[in-house]
Amino acid sequence: MEISLALGGGGAKGNAHIGVLRRLEQEGYKICSAAGTSFGGLVAVMYSVGYGPKEIQAIFESIDQKALYGRSPLDGPSLLGLAGVRQLLDKVVGDKTFKDTRIPCAVTAVDINSGAEVIINEGSLRAAVLATIALPGIFPVQTINDWQLMDGGVLNPVPVTVARMLSPDLPVVAVVLNDPIDKPLRGYNLPIPSYIPRPIAESLSRISFAQSLDIFLRSVDVSSRYVAYLRLQVDKPEVLVRPDVHHIELLDKVVIEDLAQLGEQALERVLPDLKRETAWLTRVGRRFFGATPK
């Protein structure tokens, strides 16, 4: 029972991907390729180089979530930096490239000059992850070759087409973390790095800048919801998994296992669809194109 994965972005919500991977393996599914956007890109890369769900969870649980976004001289203009994320990537992927993955893998980003989607499936894994998670204005733009890259979720929140590119003859299991378009928008808290003293952090949270950031993030949220909705209508993954993570903000500090369990529960809900798709594939030996996202 072979499948290809398309893992969507969503910041801290992305920890739900761990539970999806865990349950897929328990059910005996073989993940033959993985495409990811933003946090989904990080998980796709880690899984592709050989980390299992249990190892990915242990790594995420071992880090100080609020220390991930400190600034370093390597960071360009942005609200937050990626110094902690770089340290994490140095440990988990080091100097590995896409040639070192055990299964085909790709992540998405967007070039801020051309406005085009960029599919990254060669070169440094570390650089690819930093590019796909570069949330506009929040994290610094990343330069690869002649591209200046930001978060792939701007154009492709759930990279179904990329998963199909990697494994054209396999059903795509897509994990979407964006809120449905009929959910009310929620407010966002100012993400203050842990190294800023609490009195200063509390003052920052009350200034007009924080209120402006809240409006900006809400606009990003609503845009991402509609882009995801429209892309899924067109790209039609064979199976759509939607964890109930709508109460989680992008940069929340979370309990990893709680999010993983939400991912497992979401996969459980669509198991009948997944079994039907893979059974059909086994019988006829090719992918069924008529599935509709649920």
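Taking the side-chain hydrogen bond (donor to acceptor under 3.5 Å, both in side chains) definition, one finds that S48 meets it with nothing, sequence neighbours left out. The side-chain hydrogen bond (donor to acceptor under 3.5 Å, both in side chains) check on Q26 picks up nothing, with sequence neighbours excluded.
Under 3.5 Å, the side chains of T97 and S124 contain no donor-acceptor pair of N or O atoms. Counting only N and O atoms by type, the side chains of R22 and Q57 include a donor and acceptor under 3.5 Å apart.
Cluster membership for V162 and L230, using ILVMFWY side-chain heavy atoms within less than 4.5 angstrom, is not shared. Under a hydrophobic-cluster definition in which Ile, Leu, Val, Met, Phe, Trp and Tyr are linked whenever side-chain heavy atoms come within less than 4.5 Å, directly or via other members, I119 and L42 are assigned to different clusters. In terms of hydrophobic clustering, with Ile, Leu, Val, Met, Phe, Trp and Tyr side chains grouped at heavy-atom distances under 4.5 Å, L74 and I138 are assigned to different clusters. Cluster membership check: V43 shares its hydrophobic cluster with I248, using side-chain heavy-atom separations under 4.5 Å among Ile, Leu, Val, Met, Phe, Trp and Tyr. Taken together through direct or relayed side-chain contacts under 4.5 Å among Ile, Leu, Val, Met, Phe, Trp and Tyr, V129 and Y51 form part of one hydrophobic cluster.
How far CD of Q261 is from CD1 of I256: 12.5 Å, rounded to the nearest 0.5 Å. With values rounded to the nearest 0.5 angstrom, E268 atom CD is found 5.0 Å from L271 atom CG.
Within the 4.5 Å cutoff, no side-chain heavy atoms of T37 are placed close to those of V107. Two residues are said to be in side-chain contact when any heavy atoms from C-beta on lie closer than 4.5 Å; V118 and V110 fail this criterion. Proximity of T101 to I103: side-chain heavy atoms (C-beta onward) are nowhere separated by under 4.5 Å. You'll find the side chain of V255 stays beyond 4.5 Å of the side chain of E61, heavy atoms only. Using a 4.5 Å cut-off on side-chain heavy atoms (C-beta onward), V49 and D100 make no contact. V45 places none of its side-chain heavy atoms less than 4.5 Å from the side chain of T132. The closest side-chain heavy-atom distance from L259 to V245 is below 4.5 Å. Within the 4.5 Å cutoff, the side chain of L24 has heavy atoms near those of the L274 side chain.
Taking each heavy atom of M1 and E27 in turn, the nearest pair found is CE-O, 3.5 Å. Smallest separation of non-hydrogen atoms from A163 and L5: CB-O, 3.5 Å. Nearest heavy-atom pair, A109 versus I120, reported as atom, atom and distance to 0.1 Å: CB-CD1, 4.2 Å. Taking both residues in full, the closest heavy atoms of A34 and A44 are given as CB-CB, 3.9 Å, listed atom of the first, atom of the second, then distance. Between D244 and H247, the shortest heavy-atom distance links the atoms O-CE1, 3.5 Å. Scanning all heavy atoms of the two residues, the minimum distance from S4 to S167 falls at CB-CB, 4.0 Å.
Side chain of R242 to backbone of N178: a donor-acceptor contact under 3.5 angstrom is found. A donor-acceptor pair under 3.5 Å is formed between the side chain of E55 and the backbone N or O of G52.
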>> One pair to check against side chain to side chain contact (heavy atoms under 4.5 Å, CB included): I133 and L82. What are the steps and the verdict?
In response: CA-CA 10 Å; I133 67 172; L82 290 170; 4.0 Å; yes
> Would L262 and Q265 satisfy side chain to side chain contact (heavy atoms under 4.5 Å, CB included), going step by step from the backbone distance to the final call?
Replying inline: CA-CA 5 Å; L262 293 175; Q265 293 165 12; 3.7 Å; yes
> Given the rule in the side chain to side chain contact (heavy atoms under 4.5 Å, CB included) test, do D258 and V254 qualify, once you have shown the distances and angles that lead to the verdict?
Replying inline: CA-CA 8 Å; D258 289 351; V254 298; over 6 Å; no
> Does the salt bridge (Lys or Arg N to Asp or Glu O under 4.0 Å) test come out yes or no for R126 and D95, once each step is laid out?
Replying inline: CA-CA 7 Å; R126 183 200 296 110; D95 294 326; 3.2 Å; yes
Can I get a per-line list of side-chain donor-acceptor pairs under 3.5 Å for residues 170-177, giving both atom names and the distance, sequence neighbours left out?
none

Contacts under 3.5 angstrom, residues 141-156 side chains, donor-acceptor by atom type, not counting sequence neighbours:
residue: Q142; atom: NE2; partner: P140; partner atom: O; Å: 3.0
residue: Q148; atom: OE1; partner: N113; partner atom: ND2; Å: 3.1
residue: D151; atom: OD1; partner: G153; partner atom: N; Å: 2.7
residue: D151; atom: OD2; partner: S38; partner atom: OG; Å: 2.9
residue: N156; atom: ND2; partner: E117; partner atom: OE2; Å: 3.0

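Residue pairs meeting the ring pair (Phe, Tyr, Trp, His ring centres under 6.0 Å) criterion with at least one member in residues 79-126, sequence neighbours excluded, do not occur. The stretch residues 4-47 participates, sequence neighbours left out, in these ring pair (Phe, Tyr, Trp, His ring centres under 6.0 Å) pairs: F39-F60.
The pair E238-R164 counts as a salt bridge, with a side-chain nitrogen and a carboxylate oxygen less than 4.0 angstrom apart.
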